[in-house]
Every structure is written in structure tokens, then in C-alpha cells.
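Scope of the values below: all heavy atoms of this structure, side chains included, with no hydrogens, waters or symmetry mates.
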Amino acid sequence: MRDFSYSRATSADQARQAAIQSGAMLLAGGTTLLDLAKCGVFEPEAVIDITHLPGFSDIEMDAAGARIGALAKMGEVADHPAIRANFPAVSESLLLAASAQLRNMATVGGNLLQRTRCPYFRDPATFPACNKRSPGSGCSAIGGVTRNHAVLGTSEACIASYPGDLAVALVAFDASVDLGGRTVLADEFFLTPGDRPDRDTVIEPGEMIAGIVIPASPAAKNSTYLKVRDRQSYEFAAASAAVGLELEEDGRTVRDIRVALGGVATKPWRARAVEQALVGKALDAASVEKASRLAMEGAVSHGANRYKIELAPRVVARAILQMGGLA
Amino acid sequence: MTIMETRTKQGDASDGALGGRFSRLDGKLKITGGATYALEHPVEGLAYAVLVQSTIAAGRVVKVDTTKAEAAPGTLLVVTPETDLELKVASDWYGNRPDDQPYHPLPREVAFNGQAIAAVIAETLEQATEAARLVEVTYEETTAVASMDSPNAGEGKLVDQFNIAWGDAEEALAASPLRIEAEYSTPREYHVPIEPHGLTARWDGDRLTIWEPSQWTHGMARSYAELFGLPDENVRLLSPFIGGGFGSKAAVYAYGAVAAAVARRLGRPVKLAVTRPQNFTSYGGRAATRQTLELGANSDGILQAIVHRGASETSTYADFPEQTSAATPLMYAVPNFSSEHRLVPANTVMPGALRAPGKNPSAFGLECAMDELAYAAGVDPVEIRLRNYAEHDPQSGKPWSTRQMREALAAGSEAFGWAKRSFEPRSMRDGRQLIGWGVGCGTFPVLRAASEAMIRLLSDGTVEVVSGAIDMGQGTYTILAQTAAEALGVPVGQIDVRLGDSSLPGATVAGGSMLAGAITGAVHKAATAAREELIGLALNDANSPFRDTGANTLTVTDGRIAVPRGDGPSLTVAELMSATGRDLIETRRNTLPEADQGPEGHKRAWTTMTAIQGPTAGDYSMYSWCAHFVEVRVDEDFGTIRVSRIVSAFDCGRIYNPKLAESQWRGGIIMGIGQALLEEGLVDGRNGRVINNNLGDYLVATNADVPHIEVISVGIPDLNASVLGGKGVGEVGIVGVAPAIANAVFHATGKRVRDLPITLDKLI
Ligand SMILES: Cc1cc2nc3c(=O)[nH]c(=O)nc-3n(C[C@H](O)[C@H](O)[C@H](O)COP(=O)(O)OP(=O)(O)OC[C@H]3O[C@@H](n4cnc5c(N)ncnc54)[C@H](O)[C@@H]3O)c2cc1C
Ligand code: SF4
């Protein structure tokens, strides 16, 4: 690990100022930053510790929705009564992520900015070619071991999946990311790789995530996060779905539905085609299963990740049926 | 080996008597952080070494540019294939050693991706880590065989000693009315001990001290001595606590040689911590295997023939066979048998021993195949095992010393409720969850070795048990205290056990599930001798209050010496020592036969594996046995498998401490869950790199993956197997778990998955 300077920011402005310098990186829980520094992927020259910034860990709830400070810990947010009551999918996405130790350490701001688990991205000494790490160098994953790579939103430059869980729930419920000077919809905060896979998000140097804003809605209140993986705990998703459902008074017709997918796409993936196919319709198993397949429109597999195209719609369908009381 | 009568006090209580459920003596130290592991041992003036590993699978190091690394802050030394570390090749496990052959732990020829080819030593770990990244290596690449599955790997070379045959298997197979044929495979699997490998090496003149986690202090100390041409006694290897070994910590590897050599060169103690990713290639895990099994049976499912062809992956520079036929010829009575095993060289680190080497993948093949046969014959899977019960060892022809396999199947079935199983696959469900029940059996040989121990009775009544044997969590400290307490008649709380130091009395390797049997024998012998000496002192010393009692023997119970009639004096050990003015009774005993006494015999017994006796060395065939009963729930849409219930019954002979034995069994079973469902080294076919070389991506079972596990002991003391009647406990637990799970998955889904791990993509 290269030597770096360490400073503790005392105000958000000071942190932003410091972060504008090239080679500077903000330190929150450090569970991504340290990990990638050890892998030789991150080589910060200056580490700016933001963990002591006052007021950035608050969790507030009012009629309009929730505001979660960027420095709130994953574990705290997951267990917060207002979050559990109004956004079960958000709470569950956090509880099903990482391990208890990591959730006690990691912040939600850092969580959004975690990097892909593409093994080629994480091993620069052996695999110099990685467009996400060094633009234009190529992609080592294509033609390699691709079981956990994305099937949606890929490009010729990069097929890495976005590994996080929380962001999937946020995208489903139209949450936005407060960057201090501007607020961006979570769905627009994350970028597909295109020909710039080095850019995961729209965040610019000198910007800092201040918090996350999640609007309240009946669909968010009646929601779930279903995460499927081989290991029962402490594994990234093979496929996951955040689903929220609001039914008409008849208890059958869909008034509002939100569907987003994780583990299968290069960014947290809102499946609007599934939503549109079901809004205004009466919920039944056959139509849900049919609609869920629309989530895979445009999916492309690379070798071993083909199973995701079969698996993901089943995960979506199960989550919808569960929320509709049909599974 | 002398067989001594064991006293029969069968404590079921936690009073520390042998056979009692006594808690681990080292447990509190470990959970409070008081146990110092090798790399935590404080040593003054340390320098830090970091390895540089190859990033190609095969070829030659043409150039190593160390300019930047040497210029980096804190760098003390950079060693490369250019550097002569002045080492000599040490003996292998069997004491074989080429004469005077130089050893290059950082070779110029690259045999696998992740091979150590350079090292940087610096003032701090961070500096060494950074400088190691600045080492620039130029290679000349040659074509690699990335794995045994690569198209260019070939079919491998036959291992003659593993050709096993009797009867005419091909003909009997052809004549059998029922035949099944299937291919099974297992991937590369890794030990992933929670304590990674590493060491600190310090020289004091020509004396070398090594702090390194070790399953074999004497064997490894000898290796270090030979590397440097030192007398064995000049090396002291300390390993009081070990954070898991599973077979990986019984040898000196290249990184150890490098650390000790650079410590000598720098004249400073050096610590080398192998990073977690480097652990995947600094020593070998379990080799990948594949095997084809053909079973022929009559229409009742009675076996007529087994034809077996297996292969395991090995390295290009040395061989380690993961014998796929280790269990195949033993488990069932079969009149015609033939088996062969091949080694397929690939550009990988030489594989190594991982919990139940050979037996584990072998049982995976055979126990799945028996399930397939059961279904072909329409016979219940437990019943088919009973119908083919081997009354004696089919391979050696010898009688079993003890084999409680029927009892294991019966007790396991009963506790599991097997009788309620419906035969048809896909016949049990709970909503979207398909439920399946499977059975799988396992075995592990009884290996026997000698060991040595010393007992010291101190004037304050404390008893020290001293041996170079080790405790890697399996409970050596605890059962030795129990053994000594039992033999001496002293409460367990009065006993201190000192282990894990090559300067202490000799012990065999903690491997092959034989240490407990070996070392309890030595401690029992030394403790019995100490007790006799104590009684002799009490009867004969002029100042002893027992001298005039007229008794010709005395009892020692609960730390008190007394006359058997109970009417004379009664003294504590301390009181007697003080009355007689003795401050020490010391006995040192080993369990070697007379012919092997003396320095040569001792060296052979403590530092090589040549003195180990196999399971059929005597008149009997001796094995531990087990039967696992497993329930799985498979999500029919997602293919996810959760093990929801396990009952396992074991025949491991006499159990010295049920609590510890049960932990060993459960640990093996949990490892088996990981093996069945999760564990797999993923190799990039283009450059032979193991790409999931960390604990986030190489998945082992977590607590959430582990259901309630009920374990049952059906063993009876086997005095042929060991002095005190125990058979091996540590490894057998994993054997048979993966096939039991695979069979349960078949029962749940109707689908046979014959290649491990059974991941969800194979079921949807
Ligand atoms: C083994 C393992 C398993 C995991 N499993 C899962 C999983 O199943 N699901 C899941 O969702 N996640 C998982 N994670 C990822 C984990 O949740 C993230 O590492 C964590 O949330 C990051 O938060 P942090 O506070 O530690 O971030 P840090 O490491 O401190 O920061 C991460 C990045 O974000 C930047 N940053 C941090 N805060 C801000 C801010 N406020 N504004 C701007 N930039 C900022 C940092 O500069 C850095 O680049 C896993 C991680 C590990 C190591
Ligand atoms: S998939 Fe993306 S992250 Fe992975 S190697 Fe290719 S470019 Fe790099």
C-alpha cells in the first residue's frame, strides 16, 4: 500500500475542498476503500476521513418520506423503526447485505459507491486489462470466468455487475441522492458502462453524498427485497428484486407497482416494462410470470452467467406474488 | 505398542475424567484474545517480508527489475531468482533426501500462477507491501495446462500402486442384470484456515527460532534444520496455538524457507505473513478429481462388480495423488473389483492433504453411485447398503477390528425418522420447497504412530504434561489433561499441559486423525510411571507417613494418596512431596517398540512418516465409520439448496471426550456442507489464475447454512486401534457428507448433479 496522507474533515465544505485534489479519497466506513487499496485498485494519495462530520448520520422521517444521512451505518438504517415500517424493502436490502460486522462499520453513502466484485477488476497485478480501472486497456472478464457478470446494461467495454443491494431498493422507490449542491434521482445517479466504464456514477470530483431521500408511498410501505444466492448469508446476489405493490380497493387490481433488479445488471436496474405490464391489471400467477419475463428484455449472456436470464424473472415473479399474497 | 489396561471410571460428568464432557482448556484464552498465535508473538527488531508471486502459469523469469523496489522507502533487501539463498533441499515426509541439492524457493522456472518468485524485506509491513508491488518481472511465457479439465491436459499417468483388482470385474459387470455408470467430479478445494499462514524467524548465532503455526513441530523443525545444514536441535519451532490447519500446516513451504533465509542474511528477525490471496497458491489445497464408476448388481441390488477409473489433478513438478479409490474397495462386499487412478499434471501448486484426503472424493463417487444403484434396483438406499454389508475388509481380506456400521445406519435412521421416507423423488414438498432425504456413509483409516510425553509432578502438587504435540483446536490440551488426571488420580484442575514446541518430547504429526491415539498412549504411559514412582516414594521413603502402615500398595484418588483399606493416613501429593523432601518426580516415556529406541529410531518416529502403521498393518483391518442422514429443501424456482437437518452416527471407537469429539464431527460435517454446495476454486482457463482467492468469493458455509446437527456415537473401545481404545475422530466427519447431500438433492428434485459444488445454476 502506498503511503498516503490522512486528515479528518471538520466540515462538509472542507471535505469537498480536500476531495477535489487529485488522488484524494473520502473515507467513510472504509470497508470498500481499504479492501480495494489492499488489492492495489485504489491508490489514494490523500485520505479524508468524513466520519466525524456532525449531522450526516441522522435518519429523519416525515409524511413526505425519509432522509438518511450519508454516514448512517447500514445496520442502523436497517433496524430503524421508521425505515422498517415505511420502507421494508430498504431495511431488508441492508439486512441481507454483507455481514453483521460490515454493516456495523459501513455507511449508506459508501454503500452506494461500492465497486464491482468483478474479480478481474480486483486483481490489477495479474490482469492489467480492465476498462473500468484503466480506460482503453480492454476487458479481461470477457472470455474468462463470468458467472457473476451482468446480463443487462452491458457494453463491449465492460460487463461487470453492480453488486450492491440498497441501491436496488432505492431505484425502485424513486429515491434520490443528495449531493449537497444538487439532488439526483438514484436511477440517474448510476451509469451503465457504455464506452466509459470507469464512471460508475454521475458524482464529480469535489462532490460528496450528503444523504439519501426516499419519498413515502403506499407501494414502498408494502414492499420487499428478495435476494437469491447459493450461500444463505454473506454473499452478493445471484439475482435480487426490490418490489413494492399497491392494490386498488378490490384487493386484486394493481394501482402502483415498483420493480428493480440487482445482481444481474451493470447498475441497479429498474424494470419499468414489468411495472407497465401489470399496472391496472388484476394480479394472478400467470400474468405475473409473463410480465416478469419482460425484465430480461435485451439481456445478453457471456458464458457462465446465462442462468441469470432464467433466474431473475423467477425472482421478480416470486417477490410480486408474495406482496400480492399469492405466494 | 504396549496395551495397557484402562481404568474404567466412565465419567459422563464434566469432571475431567477420561470419557467426560470436559470443556476445552484453551477455550477461554481463545475467546478472550489471550492465546498468542504465531504471528502475534512479540519479537524485538522485526523486519517484514512480503512475497511477490508470478502472474503467469508457465514459463521463465527472464528479468526482475528491482530498481524501484530497492529505492522505495524502508526497503532493506529484495531477493529474486538471481539471489542464492544458500539453501539445501530438505527431506520429504518420508525422510528421503537428495544429496546436497541446492534449493531455490524463488525459482526461475514458473510452474503455476501465484508461485513465489521474489520477496521484499522492509522496515514495516506497509513499506514491504508497496515495494513488492514495484518489483517488475519480465517473463518468457510457455503454453500452460490451466487445469486437469483443459483440452491440452491429457488423460494423465497411471499410478501403479493404486491399481486394485480382484475377481474379473469387467466380465462380471457385463453379466450383471443391473448396471449403472456415472462420472463424478470435485473441484479444487482449499483449507482456508481462519489463521492464514506465515512465520517469524529469528537467528541467535547458528540457532534458529521459528514461530509458525504447525501441525508437526518436530517434522518442520527438522526441515528447517536441513535447509540450513544445521543439527536438528539448533532449530526450535514454536506453535502453541493454531487457528486451523486441516492438513495445510504440516510442512515447510517456500515462503518459510525464504523468511528464515533472509532473516539470516539481514541478521534481523523477519516476519512473513502470507496474505489471504497468496494463501491460495503458497501451498496446495485438495486436488480436483473426476471418476467414473460402473456398478453391476443382481436384480436385488447385490453388488457383483465395481469398475472404477479415477483421476486427480497434480502439479507439473511434483505429485500429490488425491486417491479416488481410497474408500471404493472398502465399503461394500463385492466379489469382482477393479480400480485405477491417474494423475493429471497441470500448472498448479502441488496439491496437498485436506481433511480426509482421498477418502473424501472417493466416498463422494461411491456413495452417490450406491444411491443410483438403489434407485435402479428399486431398493431403499439404507437397505441397499445393508444388503451389501462387508463382513470383513474386501480389499485386504482381514477381519475388521471393530465395525459398527450397521449400528450407525440403524441409530442414524432411527433418530432421523428414515422409515417415514417415501422412495419416489419429488414426492415431498412444502409450498415451493422440494424436500429430499439422503444418506451417505464414510470411513477413515486408523493410522498408528508412536509419541513421547513427559510428566512432571512438582512439589506444590501441580502436574505438568509436556509434549511437542500440537493442538489446532481439536482438543489435545484438554484430553491430555484428562488422560493424565485419569492415570495419576489427580483432579484435572491441578494439571498444566505444555505443547507445541519442537524442543519438547517428540510427537507424531497431527494428521491422519492419529495424534489423539498416539499421544494419549504416551501420556498415559508416562503418567502411570509417575504414579508408580509416587507410590514407591510413599511406601519406601524414610520420612513418609506410609512407611509403617504395612501396606504394599496405595491408592491415588482426587489428588490424595491413601491406604486401600482407608484406615491409614491420607496425604495430598504436595504433602507427601514436602514430607519426603522431594521437589520433582519426572517421567518421560514413549510408545515405541524396544527395537526403535535410541536417537535414530526417535528421529525417524518424530520427524518422518515412515514409522506410521497403516490400517491393515496387523491382523485386523481398522477404520472409523460413519453414516450421515440429511434433509434438504430446494427452492423449485431458484435452485437454491438449504440443508435443513442432519443426523450422523459415528463409530470412532472409544471417545475420550464426547464434547470435543462431537465438535470435530460437526466441524467435519459443516465443511462437508461447504464442499457439497459452495466451495470451488475458480480457475481462469487462459492463465491458470485462481480468481476467487479471497473469503468474499471462495465461499465456505456460514452459520446460516448450518442446521441443527445431531451426532451419535455408536463406537465401542477398539484396543487394537490404540492404547486407550479410540479410533480416529478428526477427519471421518467430512467423509460421506457431500454424497448424502447430493443424494438428498436427487430425492428432492429428481435431478442428479454429479459435479460439486451443487450450485443453483445446475438445478434451474
Ligand atoms: C466481503 C464483503 C461482502 C459484501 N457484501 C455485500 C452485499 O452482499 N451487499 C452489499 O450491498 N454490499 C456488500 N458489501 C459492500 C459493503 O456494503 C460496502 O463495502 C460498504 O457499504 C461501503 O461503505 P463504507 O462506508 O465502508 O465505504 P468506504 O469504503 O468508506 O467508501 C467507499 C467509497 O465511497 C466513497 N465515499 C464514501 N462515503 C462517501 C460520501 N459520503 N460521499 C462521497 N463519496 C463517499 C469513498 O471515497 C470510497 O470510494 C460487501 C463488502 C465486503 C467487503
Ligand atoms: S467486466 Fe468491467 S470491471 Fe470486469 S474486467 Fe471487464 S472492464 Fe474490468
Quick one: what part of Ala304(A) sits under 4.5 Å from any heavy atom of chain B, side chain, backbone, both or neither?
neither

Among Pro277(B), Ala704(B), Gly685(B), Gly674(B), who wins on heavy-atom pairs under 4.5 Å with chain A?
Ala704(B)

Residue, of Leu678(B), Ile758(B), Leu699(B), that accumulates the most heavy atom pairs under 4.5 Å with chain A
Leu699(B)

Region of Leu695(B) in contact with chain A, defined by heavy-atom distances below 4.5 Å
backbone

Chain A contact via Leu760(B) - which portion, at a heavy-atom distance below 4.5 Å
both

Got a list of the donor-acceptor pairs under 3.5 angstrom between chain B and chain A?
{"unit_1": "Glu130(B)", "atom_1": "OE1", "unit_2": "Arg2(A)", "atom_2": "N", "d": "3.1"}
{"unit_1": "Arg133(B)", "atom_1": "NH2", "unit_2": "Glu43(A)", "atom_2": "OE2", "d": "2.6"}
{"unit_1": "Asp635(B)", "atom_1": "OD1", "unit_2": "Arg318(A)", "atom_2": "NH2", "d": "2.7"}
{"unit_1": "Asp635(B)", "atom_1": "OD2", "unit_2": "Arg318(A)", "atom_2": "NH1", "d": "2.9"}
{"unit_1": "Asp635(B)", "atom_1": "OD2", "unit_2": "Arg318(A)", "atom_2": "NH2", "d": "3.1"}
{"unit_1": "Asp637(B)", "atom_1": "O", "unit_2": "Arg314(A)", "atom_2": "NH1", "d": "2.8"}
{"unit_1": "Asp637(B)", "atom_1": "OD2", "unit_2": "Arg318(A)", "atom_2": "NH2", "d": "2.7"}
{"unit_1": "Arg642(B)", "atom_1": "NE", "unit_2": "Gln232(A)", "atom_2": "OE1", "d": "2.4"}
{"unit_1": "Arg642(B)", "atom_1": "NH1", "unit_2": "Asp230(A)", "atom_2": "O", "d": "2.6"}
{"unit_1": "Arg642(B)", "atom_1": "NH2", "unit_2": "Arg229(A)", "atom_2": "O", "d": "2.9"}
{"unit_1": "Asp684(B)", "atom_1": "OD2", "unit_2": "Tyr120(A)", "atom_2": "OH", "d": "2.6"}
{"unit_1": "Arg686(B)", "atom_1": "NH1", "unit_2": "Ser140(A)", "atom_2": "O", "d": "2.9"}
{"unit_1": "Arg686(B)", "atom_1": "NH1", "unit_2": "Ile142(A)", "atom_2": "O", "d": "3.2"}
{"unit_1": "Arg686(B)", "atom_1": "NH2", "unit_2": "Ser140(A)", "atom_2": "O", "d": "2.6"}
{"unit_1": "Arg689(B)", "atom_1": "NE", "unit_2": "Asp123(A)", "atom_2": "OD2", "d": "3.0"}
{"unit_1": "Arg689(B)", "atom_1": "NE", "unit_2": "Thr126(A)", "atom_2": "OG1", "d": "3.2"}
{"unit_1": "Arg689(B)", "atom_1": "NH2", "unit_2": "Asp123(A)", "atom_2": "OD2", "d": "3.3"}
{"unit_1": "Arg689(B)", "atom_1": "NH2", "unit_2": "Thr126(A)", "atom_2": "OG1", "d": "3.2"}
{"unit_1": "Asp697(B)", "atom_1": "OD2", "unit_2": "Arg117(A)", "atom_2": "NH2", "d": "3.4"}
{"unit_1": "Val700(B)", "atom_1": "O", "unit_2": "Arg231(A)", "atom_2": "NH1", "d": "2.6"}
{"unit_1": "Asp705(B)", "atom_1": "OD1", "unit_2": "Gln232(A)", "atom_2": "N", "d": "2.8"}
{"unit_1": "Leu760(B)", "atom_1": "N", "unit_2": "Asp230(A)", "atom_2": "OD1", "d": "2.8"}
{"unit_1": "Asp761(B)", "atom_1": "OD1", "unit_2": "Arg147(A)", "atom_2": "NE", "d": "3.4"}
{"unit_1": "Asp761(B)", "atom_1": "OD1", "unit_2": "Arg147(A)", "atom_2": "NH2", "d": "2.5"}

With sequence neighbours left out, the residues meeting side-chain contact (heavy atoms from CB on, under 4.5 Å) with Ala119(B) are Leu51(B), Val79(B), Val258(B)

Heavy-atom distance under 4.5 Å to chain B: side chain of Leu226(A), backbone, both or neither?
side chain

The interface call for Val683(B) against chain A, heavy-atom contacts under 4.5 Å, is backbone

